[in-house]
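Owing to the predicted nature of the structure, the values given are computational and were not obtained by experimental measurement. Order of the sequence lines sets the chain letters (A, B, ...), proteins ahead of strands, with each chain counted from 1.
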Amino acid sequence: MHHTSFLTKEDRDRAEQFLNNGYIIHACESMDSLHELRGTIMNQANEWLAEHHEKSRIVSLADSHQVVPEERINELRLRLFTGLNANPDTRLSYFSLASNLIQSLVGNELAMQNKVNVSIQQPLDQSSVLELHSDVWTGDSPFQVVLWVPLTDASDTNAMFLLSPSESRVAYKKSRQGELDSMAAIHEAYKSQFRPIEVRYGEVLLFDSNCLHGNQLNTTTTTRWSFNCRFVSLLAPSTTPERRLGSFYTPIMVRPATVMGIRAVEALGLVD
Amino acid sequence: MLRGQINVKGYATPRQFSGFQIPIPLQSAAIRRYCDERGLVFNHHVVENVFPGTFLVLERIVAEAHLFQAMAMCSISMLPNDSARRTNLLDRCVNVGMTVHFLFESLIVSSREDIAVVNELLSLTGLLKDDLNRVRLMRDFLTPE
């Protein structure tokens, strides 16, 4: 395509990897921010433990299952989610973990999901299994990427898996044709292809929201903690009313030309 | 009303907004829950008129803004499309100290800076509303013949 000649070789290589595999793993661009986010999460989790009269404290997130009761893990997760998103600096810190990578793959005018999500997957905890799904199939923008950042090393069954873009499109086509008539059937058809994506603390994973992905029962001996948040080009189309600017995303990078254009369009009365 | 309590007037609409058509009871329930979660005092909602382009009921709330500390509605897209009219309305709220809460966007307007945020969001969503046609144009342009 003619426009790729405007990209650097590094950008072209990255684009090819991302478009073929549906994801890319990269070194975190701000370890200070990552350490700070991890420290904040650990402190808030320990505050929660203290409030609930638990005697033990989390020393290492990977071993948190030794002190956090399984039946209360979702309560803790919601508390951490609320605390994290109450801090107005969280989204900026999170963006700094991969800002150049995101701009390289998405663009330099961006919108970001309103909240940063927290995921905790303890060993043998069935309640934290995320079944096979695609964010886009459930209404997110097809132009969206997900920045997934582990706070503990993720591998084997405590990592997520992802089907490639081409396989995901084939699965969709088969479901439209009636060959696969439920998400369970799709899961069954593709489970032999599930490969965990190994991402270590200090790395970030950026993946294509159109790809089918999920996680499996964690049969390792460590808990996986991770964040995820979604990014989209500011001017990308949305396909549902719910997943759009305001209700789901907020602009984070608006260039002067766009501001200039909005002002002109309004002044000229070109939109209702 | 007890001293220090924030009295919130609920505002609902029978008209479609932003592609949604949400039954009035559900809009009211969402506002009530929003208030309960934040320790705000929910006041029974009022409902806008159904005929398009009018905001007679919303204007009455704003005219009586001195009676409430806040107003809450589901979305910024329920506000007038015309940015000058919308800004004027929100300005009047801010001037008398009535905050305006928007549930879907998790926004609270209490200053002129907040009004600017609302206007920017609505300008962008207004520009992007012909989304699928733009996708077709992009696809046709980028697909090799």
Contacts of residues 250-264 of chain A with chain B (heavy atom under 4.5 Å): P251(A), V254(A), T258(A), I262(A)
For chain A, which residues of [range] have heavy atoms nearer than 4.5 angstrom:
range                      : answer
residues 11-20 of chain B  : S18(B), G19(B), F20(B)
residues 89-122 of chain B : F104(B), E105(B), S106(B), E120(B), L121(B)
residues 43-53 of chain B  : none

Answer yes or no: does atom CZ of F81(A) have more than 12 heavy-atom neighbours from other residues, nucleotides or ligands under 6.0 Å? yes
Mark yes when over 12 heavy atoms from residues, nucleotides or ligands other than E36(A) sit less than 6.0 Å from its CD; otherwise mark no. no
Is F143(A) in contact with chain B via its backbone, its side chain, both, or neither, using a 4.5 Å heavy-atom distance? side chain
Which region of A111(A), side chain (C-beta onward) or backbone (N, CA, C, O), has a non-hydrogen atom less than 4.5 Å from a non-hydrogen atom of chain B, or is it both or neither? neither
Highest number of heavy-atom pairs under 4.5 Å with chain B: which of N114(A), L234(A), L235(A)? L235(A)
